[in-house]
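Please read the structure below before turning to the comments.
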Amino acid sequence: MTDQELFLALERWNYWDGKEFPLFVNRKEIDFLYRYLEGNLVQIIKGARRTGKSSLLKILYRNLVEKNNIYSVLFINLDDITLIQEESSPKLLERIYQLYRQRIYPKGKTYILIDEIQKINNWEQWVETYRETGNAKFILSGSSSKLSSKELGSLLTGRHIDLTLFPFSFKDYIANRVTDMSPLSIDLNKNQIKKSLFSYFTLGGFPEVLLNYSPEDGEKILETYFEDIIYRDIVDRWEIRDTGLLKRIALFSIKNSGNLISYRQIKRMIEQIYEKTSTNTISEYISHLLESFIIFEVPLYTNSVKKSNQSPRKIYSIDTGLRKAVLKPLTEDYGRDAENIVFVELLRRGYHVSYWRTGKTELDFIANGKKNYAINVTMSNLEYIELKERELKGLLEFPGKNYERILITDDLEDIIEIHGKKITLIPLWKWLLT
C-alpha cells in the first residue's frame, strides 16, 4: 500500500476536513475516560464486539476537538478493510503516525485513539515508546479481556487504566426514552417501565439493536454478532481449526446461563452427541469465549482458593437478547433472564461477583465492592409461601457479616426482619434504575 492509499484510509475516520460528527447516544462511561485524560496512563476500553466501544471513542474525539486543535486528534480504526490487508505489526502503526505528523500535525501533544488494538501484534511496545515521551496520549479499545493482563506483559504494568464496556444497561435504555428520570417520574411511569423491561429481556442491551430495530430484525443482527465474535475474535485470532466444536461449546454455555457447569460435564455432552474431545481442549475454548466477553464464569464464594478452583462455576451470557437470538427458546424463562441481567449489572457497577452454596442452600450472588451484598433473584409469585421460604432461606443462612441482604422480585417491595436479619425486597425494574 502506498502512503497516499494509507492516508486516504485515515481520512475516512478522522474529521480534519471539518465534516460533521454523526449523532451518538451519550453514555455515563465517558466520565471515566475524562477522569484520567490529563495523565499519561494508557486508557484501555475493553468489551465485546458491538457494545459501543467505537462510539465511545468517537464521543471522546468530538469532545476533544471542541476544546483542542482539531488536528491534534488521530483516530485509527484497525477494522478498516484497507488496514486489515497490511502486516499486523507495530510497523503499520509507525507508518500511520509518521504520515500523520508529516501531513496533519507536525508537532505538539496529540491524542491517539485506536480501535481494536488487539489486531496489532506487540502493539504495547510501540505505544510505550511514544507514551514515555509525553508527546502522545493513548486511548485504546479492544475486544479481548486479556488486553489488561497477559498480553500487556510487564511493559505497561502500572501504566494503564482499564474500562470494561458492557451492552446498554436497563437504565441507559430508559434514559434514552424518558427525559425525566426523577424518582417521582419513575414511579408515575411504573407500568410503562415494566413493559420496557420485558422488551429489554428480548432485545438485550446491544446499543444498535436496542435503539433502532424491531425484535424480528434485532434477532437477525444479534445472530450476526454471535458469528462475528466466534469467527473474527476467536477463530481468526487463535487459528482455531475445529470451529464446529467451538460453536457447540459456546451454545451449550449460553444455554446453561445461570447453571453450575464443569468442563467434564461439557465433555460428556459433546461426546454423547458429537465426537470425542478432551477437557484440555474444552478448557482452551472456554478461555477464548471468556476473553471475547461472550460468556462469564462465576466462582464459588469461599475462603479456600483450592476449593474455589475445584468447584463448578456458574456461567452467564453477556446479553439476554444475544442468548435468545442464537438459542431460539420455545418458551420464555424470565427468571433466568432476570438473573442474567442482575449479574451483568453487578459487573457494570464494578462488583466482584461469586455465588454461595452449602448443602441444598444457595445464593445467586455475593457481590463485594464499596458495599457488600447477598442477593437472590426471582420472578416467581411469592404469594406462595413455599416459594417465598425457598428464596429467603439462602439469604437467612448465609453467614457473612456486614452484608446487605436483597431479594430482587418481579413486583414485590418490602423490608422484612427474620431472626434479627433484615432483608430488602425490591422489584427488578426499580433495582436496575437505582
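Computed from a prediction, not measured in an experiment: that's the story for all the values here.
Glu345 and Arg348 are joined by a salt bridge, as a carboxylate oxygen and a charged side-chain nitrogen come within less than 4.0 angstrom of each other. Taking the charged nitrogens against the carboxylate oxygens, Glu219 and Lys328 do have a contact shorter than 4.0 Å, which makes a salt bridge. For the pair Asp228 and Arg50, the salt-bridge criterion is not met [side-chain N within less than 4.0 Å of a carboxylate O]. Ion pair Glu11/Arg103 not flagged as a salt bridge, since none of the NZ, NE, NH1 or NH2 atoms sits closer than 4.0 Å to an Asp/Glu carboxylate oxygen. The pair Lys247-Glu227 meets the salt-bridge criterion, since a charged nitrogen lies less than 4.0 angstrom from a carboxylate oxygen. At a threshold of 4.0 Å, the pair Lys58-Asp115 does not count as salt-bridged, since none of the basic side-chain nitrogens sits closer than that to a carboxylate oxygen. A salt bridge is defined here as a Lys NZ or Arg NE, NH1 or NH2 lying under 4.0 Å from an Asp or Glu carboxylate O, and Arg232 with Glu116 fails to meet this definition. Classification of Arg159 and Glu124 as a salt-bridged pair fails, no side-chain N sitting under 4.0 Å from a carboxylate O.
Here Asp333 pairs with Arg336 under the side-chain contact (heavy atoms from CB on, under 4.5 Å) rule; sequence neighbours left out.
Scanning both residues, Val353 and Pro299, for their nearest heavy atoms gives O-CD, 3.6 Å. The shortest non-hydrogen separation linking Gly205 to Asp319 is N-OD1, 2.7 Å. Heavy atoms only, all atoms of each residue included: Arg349 and Thr434 are closest at NH2-O, 3.5 Å. For the pair Asp364 and Tyr355, the tightest heavy-atom approach, listed with the atom from each and the gap, is O-CB, 3.4 Å. Nearest approach of Leu56 to Ile45, heavy atoms of both residues: CD2-CD1, 4.0 Å. Listed here is the closest heavy atom pair of Ile120 and Trp123: O-CD1, 3.1 Å.
Put simply, OG on Ser262 and CZ on Arg313 are 12.0 Å apart, with the number rounded to the nearest 0.5 Å. Going from atom CG of Leu93 over to atom CG of Leu83 covers 9.5 Å, rounded to the nearest 0.5 Å. Atom CD1 in Ile234 sits 7.5 Å away from atom CD1 in Ile229 (nearest 0.5 Å). Note: Leu140 CG to Gln43 CD = 9.0 Å, rounded to the nearest 0.5 Å. In this structure, the separation between CG on Leu222 and CD on Glu208 is 10.0 Å, given to the nearest 0.5 Å. Atom CG of residue Asp3 and atom CG of residue Leu8 lie 11.0 Å apart, to the nearest 0.5 angstrom.
Side-chain atoms of Arg27 never come within 3.5 Å of backbone atoms of Leu165 as a donor-acceptor pair (strictly under, hydrogens ignored).
Heavy-atom contacts from other residues, nucleotides or ligands closer than 6.0 Å to CZ of Arg95 number more than 12. Within 6.0 Å of CD in Glu275 there are more than 12 heavy atoms belonging to other residues, nucleotides or ligands. Glu66 CD: more than 12 foreign heavy atoms inside a 6.0 Å radius. For Phe7, the CZ atom counts as densely surrounded, since its 6.0 Å shell holds more than 12 non-hydrogen atoms of other residues, nucleotides or ligands. The 12-atom threshold is not exceeded at NZ of Lys255, counting heavy atoms of other residues, nucleotides or ligands nearer than 6.0 Å. Within a 6.0 Å radius of NZ in Lys307, no more than 12 heavy atoms belonging to other residues, nucleotides or ligands are found.
For the pair Arg62 and Phe24, the NZ or CZ position fails the cation-pi test of under 6.0 Å to the six-membered ring centre and within 45 degrees of the ring normal. Taking the ring axis of Tyr15 as reference, the NZ or CZ atom of Lys19 stays within 45° of it and closer than 6.0 Å to the ring centre. For the pair Lys324 and Phe201, the cation-pi criterion (under 6.0 Å, within 45° of the ring axis) is not fulfilled.
Of the options Phe166, Phe296, Phe343, Phe293, a ring pair (Phe, Tyr, Trp, His ring centres under 6.0 Å) to Tyr316 is made by Phe343 and by none of the others. Tested against Asp79 for a salt bridge (charged side-chain N to carboxylate O under 4.0 Å, His left out), the candidates Lys53, Arg12, Lys119 yield a single pass: Lys119.
Between Phe138 and Trp126, a ring centre-to-centre spacing shorter than 6.0 Å is recorded. Two rings, from Tyr373 and Tyr351, have their centers less than 6.0 Å apart.
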Output, in order, the C-alpha distance, side-chain angles, deciding distance and verdict of side chain to side chain contact (heavy atoms under 4.5 Å, CB included) for Ile30 and Leu33.
-> CA-CA 5 Å; Ile30 195 71; Leu33 297 184; 4.0 Å; yes
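In the model, Thr129 has no side-chain atom that pairs as donor or acceptor with a side-chain atom of Gln125 under 3.5 Å. Judged purely by distance below 3.5 Å, without hydrogens or angles, the side chains of Ser283 and Asn280 never pair a donor atom with an acceptor atom. With hydrogens and angles left out, the side-chain atoms of Tyr34 and Asn63 include a donor and acceptor closer than 3.5 Å. Side-chain N/O atoms of Asp337 and Tyr200 include no donor and acceptor closer than 3.5 Å.
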